[in-house]
Amino acid sequence: MSSEWRKALRTAALAALAVVWVGCAPENYPQSIFDPVTDFGTRINSLFASIFWWTMLVLVVVECALIYILIRYRDRPGAEPRKIYGNNLAEIAWTLGPAIIVVFILVPTVRTIFYTYEPPEGDPLVVEAIGHQWWWEFRYPELGVTTANQMHLPVDRPVEVRLSSADVIHNFWVPQLGGKRYNYPKPAMAPGEAEGKNYNVLYFTVDTPGEYLGQCAEFCGTSHAIMRMKVVAQEPEEFDAWVAAMKDTSRGLPAGVPAGPGAVQPVAQTEPASLEAEGYQVFMRAGCAACHAITGTPAMGVLGPNLTGLASRWSIGAGLMANTPENMARWIRNAPGLKPDAKMLTFPNLSDAEMDALVAYLYSLE
Ligand code: CUA
């Protein structure tokens, strides 16, 4: 082998090693299906592994036979190949072999499918995951809590995620949880018609606390790629504390804002008690409450994300950018300029002082 060839071979080997190495770094791939944290994901993963090894067996047997035949029956001077017609043993073998392999793939596959559709035993926590262009709404009907883009779950308790959509078809996919299933718009109901189970469901139990990224997996319009979500799986006590904080009606109104009718139309003439109280007035004056709800305030809009607990979310705009006051101000000024076709209105006319106050109020919502 010439030295040029050796050098080229060495370079190729190093490049291959680099590719393999990068592929093995899990921190670069937070959305990996190979690191499941639910019973659902573990089942799917072991099914994948078993099918993978069956196909590897087929690959090795076929390739070995191929190499053997290529060498054994290669063209040699004077050698005429013997012609054979029909061989019962060979035909039975190559029919029966694949049939057995198919059975070994089919049975676990069907069992896994049935397992994932089986309602879990015990008392599952119901979460409604509603797709919107382009963000996720998460409602906990039994707990009276609604949030957006960041789903909190307790570990070791079965969960029933009910998937639906407020507009077009979306697809709920958090790879480490294991499932990927469509969010269909709910069909219109005739008056008085009882709502049936007209939505998709995902059942799983998270076994490891942590934060798991996901995203919409069905093309749903301009900003489909910016329809991300995060699942925060917590110990049951932490989850209960989160629920309690979300339901705490004493948190929405800043100090100095009167509850009751006074909160709806705060008196603008009097000097606000704090920057947050001033921001709350901007919030009500600018019409934010038409689309957004905040627990403990008269704001009950349902078109946009519920803002209760906003300060503790990981992102603004469903994974668009980090949740910082600077980004929040940019987002409020011109959301569609940052996220194509976002339905959020623009507020170019708020003064800097008004914006500072508004952002201060929003970040008091922990
Ligand atoms: Cu929603 Cu893509």
Side-chain angles (χ1 to χ4, degrees), residues 29-33 36 38 40-41 44 116 126-141 145-153 159-188 195 197-204 206 211-233 291-293 301-310 313-323 327-328 331-332 334-346:
Y29 300 95
Q31 295 191 186
S32 170
I33 58 164
T38 63
F40 189 126
I44 299 280
T116 62
V126 174
V127 186
E128 296 174 4
I130 303 161
H132 294 254
Q133 285 174 313
W134 290 274
W135 56 281
W136 294 94
E137 180 175 10
F138 299 124
R139 291 190 198 154
Y140 301 71
V145 167
T146 300
T147 187
N149 301 326
Q150 188 161 314
M151 182 197 278
H152 287 246
L153 294 177
V159 179
E160 174 180 332
V161 185
R162 298 178 178 172
L163 305 164
S164 64
S165 166
D167 35 55
V168 300
I169 298 174
H170 301 276
N171 194 320
F172 181 93
W173 190 39
V174 183
Q176 285 187 269
L177 303 186
K180 174 172 162 191
R181 219 160 263 175
Y182 280 112
N183 294 66
Y184 294 112
K186 281 192 185 179
E195 187 174 313
K197 190 168 159 290
N198 49 19
Y199 44 80
N200 272 343
V201 174
L202 266 175
Y203 301 115
F204 55 77
V206 185
E211 301 190 351
Y212 308 109
L213 280 175
Q215 65 186 69
C216 179
E218 175 72 9
F219 180 69
C220 54
T222 337
S223 280
H224 152 71
I226 319 172
M227 188 169 166
R228 305 192 185 103
M229 68 189 119
K230 183 182 257 188
V231 170
V232 179
C291 294
H292 297 284
V302 293
L303 292 176
N306 188 307
L307 301 180
T308 309
L310 174 76
R313 289 183 202 158
W314 106 105
S315 85
I316 296 171
L320 174 69
M321 50 190 180
N323 191 5
N327 284 342
M328 182 57 79
W331 175 255
I332 294 168
N334 185 11
L338 299 166
K339 179 170 175 173
D341 292 335
K343 305 275 194 290
M344 166 93 176
L345 301 181
T346 61

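Keep in mind that what you see is a predicted model, and the values were worked out from it rather than measured. All ligand and atom numbering here is 1-based and tracks the order in the structure. Just so you know, residue 1 is the first one in the sequence shown, and it goes up from there.
Rounded to 10°, the angle formed at atom 2 (Cu) of ligand 1 by Cys216 SG and Cys220 SG is 120°. Atom 2 (Cu) of ligand 1 lies at the vertex of an angle of 80° between the O atom of Glu218 and the ND1 atom of His224 (rounded to 10°).
Once rounded to the nearest 0.5 Å, the distance linking CG of Leu153 with OH of Tyr212 reads 10.5 Å.
Between atom 1 (Cu) of ligand 1 and Met227 there is an N/O/S contact shorter than 2.8 Å. Between atom 2 (Cu) of ligand 1 and His170 there is no N/O/S contact shorter than 2.8 Å.
With a 4.5 Å cut-off on side-chain heavy atoms, Met151 and Trp136 do not count as touching. Side-chain atoms of Asn306 and Glu137, non-hydrogen and from C-beta on, never get closer than 4.5 Å to each other.
At distances below 3.5 Å, at least one donor-acceptor pair connects side-chain atoms of Asn323 with backbone N or O atoms of Arg313.
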